[in-house]
Amino acid sequence: MSKAWSFYEEEEGVIEVVFADTRGKARMYLKELDTFDNYRYIEISPRREKSLDYLDHEDGYVMDWNKEEDKIALVKNIGVYCLDADKDECKECYLREWCSKYEEYEEEEDD
């Protein structure tokens, strides 16, 4: 069973999650993604995402925001949210019950 690993690209605000047996393999898979073209191998330091291990994807699998199962897991388990969603879109979103961005909008309205 492969383990889930993530790496956050700060400049673009993008997170990628891959499945790999080891941190080194995760780093290798992440380095192959276009997202990290400007990074040297040594600069990519994957973080374990144990809460996603239950998905049990094969070694090298990259989670895809456009796949429903992946999107739900990313929002529910590690707090990923839409970067460009506004308050009205969040209110209509089926993921709002797990979304930290929606919670922020709700807190703003309460203030």
Of all the heavy-atom pairs spanning Ala73 and Leu52, show the shortest one and how long it is.
O-CD2, 3.6 Å

Could you see if Val14 belongs to whatever hydrophobic cluster contains Leu33? Use Ile, Leu, Val, Met, Phe, Trp, Tyr and a side-chain cutoff under 4.5 Å.
no

Any link between Tyr54 and Met1 through a network of hydrophobic side chains (Ile, Leu, Val, Met, Phe, Trp, Tyr) touching at under 4.5 Å?
no

Give the intermediate values and the outcome of side-chain contact (heavy atoms from CB on, under 4.5 Å) for residues Leu55 and Glu69.
CA-CA 9 Å; Leu55 294 170; Glu69 178 186 32; 3.7 Å; yes

Do Tyr94 and Ile72 have side chains that get closer than 4.5 Å, going by heavy atoms?
yes

Polar contact flag, side-chain donor to acceptor under 3.5 angstrom, Glu9-Tyr39
yes

On a heavy-atom basis, the closest approach of Ala26 and Ala20 is N-CB, 3.5 Å

I'd like to check Cys90 versus Arg96 (side-chain heavy atoms, cut-off strictly below 4.5 Å). Are they in contact?
no

Once side chain to side chain contact (heavy atoms under 4.5 Å, CB included) is applied, do any residues pair with Cys99, and if so which ones, sequence neighbours excluded?
Val75, Tyr81, Lys101, Tyr102

Out of curiosity, does Val62 fall in the hydrophobic cluster containing Leu74 (side-chain heavy atoms, cut-off under 4.5 Å, transitive links)?
no

Distance from Lys31 atom NZ to Arg40 atom CZ, nearest 0.5 Å?
9.5 Å

When you measure from the side chain of Asp70 to the backbone N and O of Trp65, does any donor-acceptor pair fall under 3.5 Å?
no

Should we count CG of Asn38 as having more than 12 external heavy atoms under 6.0 Å?
no

Decide yes or no on side-chain contact (heavy atoms from CB on, under 4.5 Å) for Thr22 and Lys3, but give the supporting numbers first.
CA-CA 8 Å; Thr22 65; Lys3 302 171 189 162; over 6 Å; no

Find the distance between CD (Glu49) and CZ (Phe7) and round it off to the nearest 0.5 Å.
12.5 Å

When clusters are formed by joining ILVMFWY residues with side-chain heavy atoms under 4.5 Å apart, either directly or through shared neighbours, do Ile44 and Val18 land in the same one?
yes

Looking at every non-hydrogen atom in both residues, tell me the closest pair between Asp21 and Ser2 and how far apart they are.
OD1-OG, 3.6 Å

Ser51 side chain near Lys76 side chain, heavy-atom distance below 4.5 Å
no

Hey, what do you get for CG (Leu95) to SG (Cys82), rounding to the nearest 0.5 Å?
7.5 Å

Please confirm whether Arg47 makes a cation-pi placement over Trp5, using NZ or CZ under 6.0 Å from the six-membered ring centre and within 45° of the ring normal.
no

Can you name the residues that form a side-chain hydrogen bond (donor to acceptor under 3.5 Å, both in side chains) with Lys91, not counting sequence neighbours?
Glu109

Is there a chain of hydrophobic side chains (I, L, V, M, F, W, Y, each step under 4.5 Å between heavy atoms) that links Tyr61 to Tyr29?
no

With heavy-atom distances below 4.5 Å as the criterion, would you say the side chains of Ile78 and Ile15 are in contact?
yes

Does the pair Val80 and Lys71 meet the rule for a side-chain contact (heavy atoms from CB on, under 4.5 Å), with working shown?
CA-CA 8 Å; Val80 175; Lys71 183 184 241 181; over 6 Å; no

